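What you see is a predicted model; the values in this text were computed from it and never measured. A note on names: the letters A, B, ... follow the listed sequences, proteins ahead of strands, and every chain is numbered from 1.
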Amino acid sequence: MDKMNNKEYQKYAEQKIPKPTYFKNIINAFLVGGTICLIGQIIRNILFRFELGEESVASATAIILVFIGSFLTGIGVYDTIGKIGGAGAAIPITGFANSIVAPAMEYKREGLIFGVAAKMFTIAGPVLVYGIGSSVVVGILYLMFTAGR
Amino acid sequence: MIKKRIGSQTIKFPNPPSIIGTSSIVGPKEGDGPLKDYFDIILEDDTWAQESFEKAEAKIQEEAIKLAISNANISMNDLQYLVSGDLLNQIISSSYTARQITLPYFGLYGACSTMTESLSIGSMIVEGGFADKVVCATSSHFSSAERQFRFPLEYGSQRSFASQWTVTGAGATILSATGEGPYITYITPGKIKDFGITDTNNMGGAMAPAAIDTISQHFKDTGYNPDDYDLIITGDLGLVGKRIVLDLMRKEGYDLSQNYTDCGIKIFDGVEQDTHAGGSGCACSAVVFNGYIYKEMLKGNLNRVLLISTGALHSPISTLQGESIPGIAHAVTIDNLKD
Amino acid sequence: MEYLIAFVVGGLICVIGQILLDTTKLTPGHILVIFLVIGVALGAIGIYEPLAKFAEAGATVPILGFGHTLSKGAIEGAKSKGLLGAFLGGLEASAGAVAAAILFGYIMAILSYPKTKK
């Protein structure tokens with residue numbers, strides 16, 4: 001044991017870890033992620049029948065999907081979908097909803113302000129920070145590149 | 001001056017403290033596992049009608065202590081000290097339990113190594129003549145540990161194959177200066193070993209070096225060989241850690257292949273119960289020892305056991321800061337004979 | 001046909017995420033942030049818009065689409081309102097999803113308790 005240095009041991013320990021079932025995970029991610037997008041498409045097509053504009057339909061679709069994601073998290077189903085689907089459940093906007101609702105529920109016993117409301121963004125907070133932050137940068141860059149024209 | 005130490009790390013008790021009663025309480029999932037017949041109480045509801053998982057854990061520990069006292073046919077007044085610990089920040093489960101138990105209290109943090117840490121300290125107190133009887137206890141809860149160390153329960157994430165499942169439950173052991181055994185005959189407190197593993201999904205890999213160090217030191221100090229034990233069992237190294245221990249112990253010159261296993265592997269059926277690398281948590285070695293091992297020793301199916309609870313002494317903050325995981329392992333010999 | 005396209009494109013985006021999850025030490029939280037920023041970048045250089053037209057929900061439902069919405073909003077805001085618009089646009093365009101997540105998240109938290117995983 002003492003003959004091994006840290007690097008050697010880390011490499012050795014890494015080899016002892018069972019490898020993920022890559023193929024199965026990829027297929028499941030594809031099926032779950034694809035299905036959620038398919039449901040999104042169905043919602044979109046239904047909303048277009050109400051003769052809403054593209055932007056309203058996009059927003060409304062997102063809101064409905066967020067509702068579905070939140071609801072399934074609340075009744076304790078989304079963690080199972082996530083376990084099966086992996087990235088297929090995490091990457092769609094329903095996964096974003098799950099990442100908000102799960103900690104909010106978890107910290108209910110710590111109170112409604114510093115529990116639910118504060119912990120709501122433990123996972124989704126960084127998403128909003130980088131998303132909104134980078135969108136402002138994009139807007140400013142756009143102005144800089146088009147200012148001369 | 002030092003009379004009871006042998007070798008560089010081991011203590012040999014001339015008057016070994018006796019175990020006079022134990023208890024084990026587990027959650028529903030553990031109660032579905034292969035060791036279900038050995039546990040005293042199997043909960044159907046892992047909140048035990050408490051409003052939080054933390055309160056549930058404290059209640060489980062408290063009830064385990066009371067049950068051990070009644071299993072030993074003694075009363076609370078016969079005890080002098082409570083030695084306990086758990087996984088949660090500031091060991092709240094143990095301290096809130098101690099609030100209910102009117103005994104002087106030593107709170108320990110040894111993460112999942114707490115069972116043998118408390119047995120070691122408890123034995124030293126009793127054998128040193130500082131107490132007649134002490135109770136050693138520890139607990140863990142899947143849901144309270146998960147929210148502290150990992151993700152919210154309803155978050156849809158996949159667990160890695162090296163990851164382990166925190167055992168819900170508690171175990172308590174009553175040690176006495178007099179009794180019919182089984183006895184604690186040797187203890188080998190371990191040193192921290194850290195080989196730079198930072199992956200908190202690979203606790204087995206992070207703690208295995210500490211276990212290997214403590215086990216081989218125990219053999220060196222006592223002069224015993226693996227064959228001298230009916231069972232050598234680590235706390236919660238899981239499948240990954242067990243492989244490493246078997247492999248590297250062979251390189252150290254000890255063949256453990258005949259009688260070595262891990263509490264984390266014993267407690268769950270990894271395939272049926274989907275626990276990946278096995279069980280973990282303070283309660284893992286606590287309920288396996290106080291349930292399975294103790295009862296098999298009373299039956300005479302096991303006579304000398306080396307129990308090595310293993311702990312990963314990191315925190316969520318050290319993990320975020322990229323620090324590696326310090327591992328620890330304490331070994332305790334439990335023997336039906338006084339040696 | 002559009003259903004099939006949405007299914008396949010959405011599925012493939014998730015497959016990229018799954019490969020990253022399984023072969024690196026990244027957590028789902030990391031993947032969400034990375035995909036979102038990539039979405040913002042792809043939207044900014046105009047690559048994502050054609051994909052969104054082609055695959056519709058297959059491109060807009062994954063978090064990449066959320067990023068695209070943000071950068072598209074910021075650019076349109078900048079076009080119409082200048083610097084102020086660059087600040088307002090992204091959040092305006094994505095406000096629905098964020099507000100919904102906050103409201104529904106709060107309601108679900110009040111109504112339900114988390115359960116230990118099986």
Side-chain angles (χ1 to χ4, degrees), chain A residues 20 22 25-26 29-38 40-41 44 58-63 65-67 70-71 73-76 79 86-88 90-93 95-97 99-101 104-106 108 116-117 120 123-124 126-128 130-132 134-136 138-143, chain C residues 2-3 6-15 17-22 28-29 31-33 35-37 40 44 56-58 60-63 66-67 69-71 73-75 77-78 82-83 85-87 89-91 96-98 100-102 104-106 108-109 111-115 117:
Chain A
Y22 293 114
N25 286 2
I26 285 174
F30 180 74
L31 294 178
V32 171
T35 305
I36 295 171
C37 294
L38 175 67
Q41 189 65 40
R44 239 176 101 83
S59 287
T61 307
I63 291 170
L65 283 170
V66 163
F67 173 75
S70 306
F71 182 74
T73 306
I75 60 169
D79 61 325
I91 290 176
I93 195 147
F96 173 71
S99 78
I100 288 183
V101 182
M105 285 166 69
E106 184 86 19
K108 187 177 176 180
V116 174
M120 203 178 242
I123 302 163
V127 173
L128 294 177
Y130 285 101
I132 294 168
S134 61
S135 82
V136 176
V138 165
I140 293 172
L141 285 176
Y142 174 83
L143 286 176
Chain C
E2 59 196 6
Y3 291 114
F7 183 87
V8 172
V9 172
L12 287 176
I13 291 172
C14 295
V15 165
Q18 189 65 39
I19 293 171
L20 283 173
L21 267 185
D22 283 346
I31 304 276
L32 272 183
V33 171
F35 269 52
L36 182 78
V37 174
V40 170
E56 295 195 30
T60 54
V61 172
I63 196 87
F66 190 62
T69 307
L70 279 163
S71 63
I75 290 173
L83 188 57
F87 278 84
L91 209 45
V98 176
I102 291 173
F104 298 143
Y106 195 88
M108 291 318 296
L111 294 180
S112 48
Y113 280 98
K115 285 173 277 296
K117 286 180 197 271

Only pairs of heavy atoms separated by less than 4.5 Å count here; which of C:Gly90, C:Ala78, C:Gly85 has the most with chain A? C:Ala78
Checking A:Pro126 against chain C: side chain, backbone, both or neither under 4.5 Å from a heavy atom? both
Is a side-chain N or O of A:Ser134 found less than 3.5 angstrom from the main chain of A:Gly131, in a donor-acceptor match? yes
Given that the side chain runs from C-beta out, which part of A:Leu31 has a heavy atom under 4.5 Å from chain C: side chain, backbone, both or neither? both
Greatest number of non-hydrogen atom pairs under 4.5 angstrom with chain A, of C:Gly82, C:Gly67, C:Gly77, falls to C:Gly82
So what's closer than 4.5 Å to chain A heavy atoms on C:Ile31: side chain, backbone, both or neither? side chain
Picking from A:Val136, A:Val101, A:Leu128, which has the most non-hydrogen pairs under 4.5 angstrom with chain C? A:Val136
For a quick test of reading the model, state the closest non-hydrogen atom pair linking C:Ala44 to C:Ser71 and the distance between them. N-OG, 3.5 Å
Residues A:Ala104 and C:Gly105: closest non-hydrogen pair is CB-O, 4.1 Å
Hey, are the side chains of A:Ile26 and C:Ile19 touching, using non-hydrogen atoms and a 4.5 Å cut-off? yes
Determine the minimum heavy-atom distance between A:Gly40 and C:Ala57, stating which atoms define it. C-CB, 3.6 Å
What part of C:Phe35 gets within 4.5 angstrom of chain A, counting heavy atoms only: side chain, backbone, both, or neither? side chain
Between C:Ala74, C:Gly73, C:Pro28, C:Gly29, which has the largest tally of heavy atom pairs under 4.5 Å with chain A? C:Ala74
Residue part contacting chain C, namely of A:Ile140, when any heavy atom lies under 4.5 Å: both
With chain C as the partner, which of A:Gly139, A:Ser135, A:Ala58 has the greatest number of non-hydrogen pairs under 4.5 Å? A:Ser135
Part of C:Leu36 within contact of chain A (heavy atom distance under 4.5 Å): side chain
Output for pair (C:Glu2 CD, C:Glu56 CD), nearest 0.5 Å, gives 5.5 Å
Heavy-atom closest pair, residues A:Ala87 and A:Pro92: O-CD, 3.9 Å
Other residues, nucleotides and ligands only: do more than 12 of their heavy atoms fall within 6.0 Å of OH on C:Tyr3? yes
Side chain / backbone / both / neither for A:Ile63 at chain C, heavy atoms under 4.5 Å: both
If one checks every heavy atom of A:Ser99 against chain C at 4.5 Å, the contacting part turns out to be side chain
Stepwise, does the side-chain contact (heavy atoms from CB on, under 4.5 Å) test hold for C:Met108 with A:Thr73? CA-CA 8 Å; C:Met108 291 318 296; A:Thr73 306; over 6 Å; no
Contact part of C:Ile75 toward chain A, heavy-atom cut-off under 4.5 Å: side chain, backbone, both or neither? both
Pick one of side chain, backbone, both or neither for A:Thr61, based on which atoms fall under 4.5 Å of a heavy atom in chain C. neither
Would you call the rings of A:Phe30 and C:Phe7 parallel, tilted or perpendicular if under 30° counts as parallel and over 60° as perpendicular? perpendicular
Closest contact, heavy atoms only, A:Cys37 versus C:Val61: SG-CB, 4.0 Å
For chain A, the option from C:Gly89, C:Ala6, C:Ala86 that forms the most heavy-atom pairs under 4.5 Å: C:Ala86
Measure the spacing between NZ of C:Lys115 and CE of A:Met105 and express it to the nearest 0.5 Å. 6.0 Å
Measuring heavy-atom distances to chain A, does C:Leu20 have an atom under 4.5 Å in its side chain, in its backbone, in both, or in neither? neither
Rounded to the nearest 0.5 Å, the NZ atom of A:Lys108 sits from the OH atom of C:Tyr113 at a distance of 4.0 Å
Examine whether an atom of A:Ile123 lies under 4.5 Å from a heavy atom of chain C, and if so say whether it belongs to the side chain, the backbone or both; otherwise answer neither. side chain
Minimum heavy-atom distance between A:Ile93 and A:Ala62, given as atom pair plus value: CD1-CB, 4.3 Å
Less than 4.5 Å to any heavy atom of chain C: does that hold for the side chain of A:Val116, its backbone, both, or neither? side chain
Winner by heavy-atom pair count (cut-off under 4.5 Å) against chain A, out of C:Leu111, C:Val37, C:Ile102: C:Ile102
Which bit of C:Phe87 comes within less than 4.5 Å of chain A, counting heavy atoms only: side chain, backbone, both or neither? both
Max heavy-atom pairs within cutoff under 4.5 Å with chain C, candidates A:Val66, A:Val138, A:Leu38, A:Ile91, goes to A:Ile91
Given the options A:Ile36, A:Leu65, A:Thr35, which has more heavy-atom pairs under 4.5 Å with chain C than any of the others? A:Thr35
Looking at A:Ile100, A:Ile132, A:Asn25, which has the largest count of heavy-atom pairs under 4.5 Å with chain C? A:Asn25
